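Written out below as structure tokens is the structure these notes cover.
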2 protein chains.
Amino acid sequence: METTVGIETGQSRPAPTLEMVAALAGVSRATVSRVVNGSTSVAPELAQSVEQAVRALNYVPNRAARTLASRRTYTITLLVPESTSKVFADPFFATVVEGVAKYLNSTEYMLNMVTSSEADPGKTQRYLMGGNVDGVLVVSHHSGDHSWEHLNDALPIVFAGRPLLNASDSYYVEVDNEEGALAAVQHLITTGRRNIATIAGPQDMPPGVDRLAGWRSGLAAAGLDDALVEYGDFTVASGEAAMRRLLARGKPLDGLFAANDQMAAGAHAVIQEHGLRIPEDIAVVGFDDDLFATSVSPALTTVHHPISDLGEKMAHMLVELIEGRPAHRVCRLPTSLVVRESA
Amino acid sequence: METTVGIETGQSRPAPTLEMVAALAGVSRATVSRVVNGSTSVAPELAQSVEQAVRALNYVPNRAARTLASRRTYTITLLVPESTSKVFADPFFATVVEGVAKYLNSTEYMLNMVTSSEADPGKTQRYLMGGNVDGVLVVSHHSGDHSWEHLNDALPIVFAGRPLLNASDSYYVEVDNEEGALAAVQHLITTGRRNIATIAGPQDMPPGVDRLAGWRSGLAAAGLDDALVEYGDFTVASGEAAMRRLLARGKPLDGLFAANDQMAAGAHAVIQEHGLRIPEDIAVVGFDDDLFATSVSPALTTVHHPISDLGEKMAHMLVELIEGRPAHRVCRLPTSLVVRESA
DNA sequence: TTGTATGCGTTATCAG
DNA sequence: CTGATAACGCATACAA
């Protein structure tokens, strides 16, 4: 764009076509197509002149034509359950999108989001099955949405987190919840805690059960008791309630692992409200490393959940699938413990 | 989708085409195309049978083919200056996107975002000029990005907020900053304030100058003095600094209008730090009604900035432009005063 | 390795 | 008002 475009016609000239490039380079359209698509079987000299012509004309392939001819759309859709407004309000979604976009930027694929709760329920169905998309990313964590179910084998799908149904034959990427929880417990043990409780998540959600399992295995490895379990639903309020129940048991308690930061925040408040100090009296470790971790005082020691990486990995897997390359069915992302003041 | 898809071939059958619908309905492809696109000139009976066939086959037009034939992409892009990650972190962008998506859901258009700061600078250029898009929405508020400049008249463009350059021949939608500021000042006056200061925004940004103008006109209408002006750059820190300068003048001051909530929050802190009460000693009104408005105590009385509406309106205008319908060059959205505790 | 010819699913032009 | 038919820009068997 080193030349000014001026005011000329007011109508820009039509975009250069493959044919124009072919003419300029003195080859056939097929050859241009080959070099543009990186086919190896083309003479270096011809390739050169084609590339020159491409630059000279500032040629860029017409997406629609390419799609129509190749039956590939080069677009993948991110299927989310909530309404568009809620998606952007939810930092988890936003961060997943960020990761997806980051990876896709290095490819030819475009991303488009469709929220399945939109007006016409069948519309999403038809759109996805209508050959408008090469693959789909599903981020329907905790939601009754199953618009992807009928996709069956029509399209490659990658899930964010282990899906509740058909986990055994689905492609998905998840954080290593169990390992993360284990690390949290080990930290607690290492720092001298012996009576370690947990506020677990819902047991009908993979993260809920896996994090509880991690807590259990950590305790078992150290020969400690695993009786101090209360359940919450990942909300602050449920964390408060669970903490009250834990305290009400009247058993010794000097360490707490909450299955997510929101519940940890709730527990935080209750602990302090009871005149107990954190971490002196009760050390607490959360999970996720989200906004709640740093908004409480003392700041939460917690297990970092690499959400952006998760998005990146999902996109990567999906593209591999689309392009017919083999891909591992499940990708488990490592976590890391972030030590702050609470433990 | 009332029938189970089963395990059959593993490969779903090809999407139904216009031709198949035509065959089933016993008409020509052209006719099908007409009813699908809502052309009036088609016999009601034929239209009916076509519609039946469409439903029966669950037909959905192939986007690529339609685009190729009609030279229209049904895609609009949202051009943002920041990196993808920052976009999602910024509530303003997120909310604009929400509004845009909301409107677009009622149309056939798809939205795709391109962040101009991506890798190849010319890539965005080529993409936009390459006939891949019907129009663009620019949300480059306060940023040195001008990747849209070379778009010239190639594509319809709608800006978020009055653009600094070429404001006289650009299409844009903005909130009525002056009116909002005026309402803020009037509220202050109505509640008995007489010595009303302002912390204005940067004077090289439209919202900065318009909000200052609104404050001035409110004061003028009431015959009050407009000498108490200090400037900030819309950050909390600048609000604090400006408030200190205001207080240091030693003049009577019982009311403050800050050009945005962040600066108001900064002023808040300084006022209280000086042992002054809000609103008893100094009543303060902000602008934007964002997170900062409710995160300070006492909560901020402020001018609501309808960001989602702004996104909606932008999308609406752009679609009108694309479809060749006349559109007003500028759309000014009304604001509303949200009265909380600070004034 | 290169070119030729055909088809992708729609829209649009033009007769009828 | 309706139906042939020619683009639309590219990929890809197939032939050379």
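Naming: A, B, ... by sequence-line order, numbering from 1 per chain. Everything quoted here is computed from the prediction, not taken from an experiment.
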So do A:Pro156 and A:Leu318 actually touch side chain to side chain, heavy atoms under 4.5 Å?
yes
Indicate whether OP1 or OP2 belonging to C:dG9 is found under 4.0 Å from a side-chain N or O atom of B:Thr17.
no
Just N and O in the side chain of A:Ser70: are any of them under 4.0 Å from OP1 or OP2 of D:dA11?
no
d(CG, A:Asn37; P, D:dA11) in whole Å:
4 Å
Can you see if the side chain of A:Tyr74 gets near the phosphate of D:dA11 - specifically, an N or O under 4.0 Å from OP1 or OP2?
no
Can you tell me which nucleotide in D:dG3, D:dA7, C:dG7 comes closest to the side chain of B:Ala69?
D:dA7
Where the side chain of B:Leu18 is concerned, which of C:dT2, C:dT10, D:dA4 is the nearest nucleotide?
C:dT10
Short side-chain to backbone donor-acceptor contact, B:Arg63 and B:Tyr74, under 3.5 Å
yes
Within the structure shown, what part of the strands sits under 4.0 Å from A:Ser33 by heavy-atom distance: base, sugar-phosphate, or nothing?
base
For atom CZ of B:Arg72 and atom C1' of D:dG9, their distance in whole Å
18 Å
Taking every non-hydrogen atom, the tightest pair across A:Tyr172 and A:Arg162
OH-CD, 3.2 Å
Hey, mind stepping through B:Glu108 and B:Arg72 against side-chain contact (heavy atoms from CB on, under 4.5 Å) and telling me if it holds?
CA-CA 11 Å; B:Glu108 295 194 278; B:Arg72 304 235 346 240; over 6 Å; no
Would one find a side-chain N or O of A:Thr31 under 4.0 angstrom from OP1 or OP2 of C:dT2?
no
Donor-acceptor pair, side chain of B:Ser70 and main chain of B:Arg66, under 3.5 angstrom
yes
What is the distance from CZ of B:Arg63 to C1' of D:dC8, rounded to the nearest Å?
16 Å
Ignoring backbone atoms, establish whether A:Arg71 has a side-chain N or O less than 4.0 Å from OP1 or OP2 of C:dG9.
yes
So, for B:Pro61 and B:Tyr59, which heavy atoms are closest and what is the spacing to 0.1 Å?
CA-OH, 3.3 Å
Which part of the nucleic acid does A:Ala43 contact within heavy-atom distance under 4.0 Å: base, sugar-phosphate only, or nothing?
sugar-phosphate
Would you mind reading off the distance between B:Arg29 atom CZ and C:dT10 atom P, rounded to a whole angstrom?
9 Å
Starting from C1' on C:dT10, measure out to CD on B:Glu19 and report it in whole angstrom.
11 Å
Whole Å only: how far is the CZ atom of B:Arg66 from the P atom of C:dA12?
10 Å
So, for B:Val100 and B:Gly311, which heavy atoms are closest and what is the spacing to 0.1 Å?
CG2-O, 3.4 Å
Residues in contact with DNA chain C, drawn from residues 46-56 of chain B - heavy-atom cutoff 4.0 Å
none
Value in whole Å for how far the P atom of C:dT13 lies from CZ of B:Arg34:
11 Å
Whole-Å distance between C:dT10 C1' and A:Asn62 CG?
14 Å
Per nearest nucleotide of DNA chain C, the residue lying toward the 5' end, B:Leu68 or A:Pro44, is A:Pro44
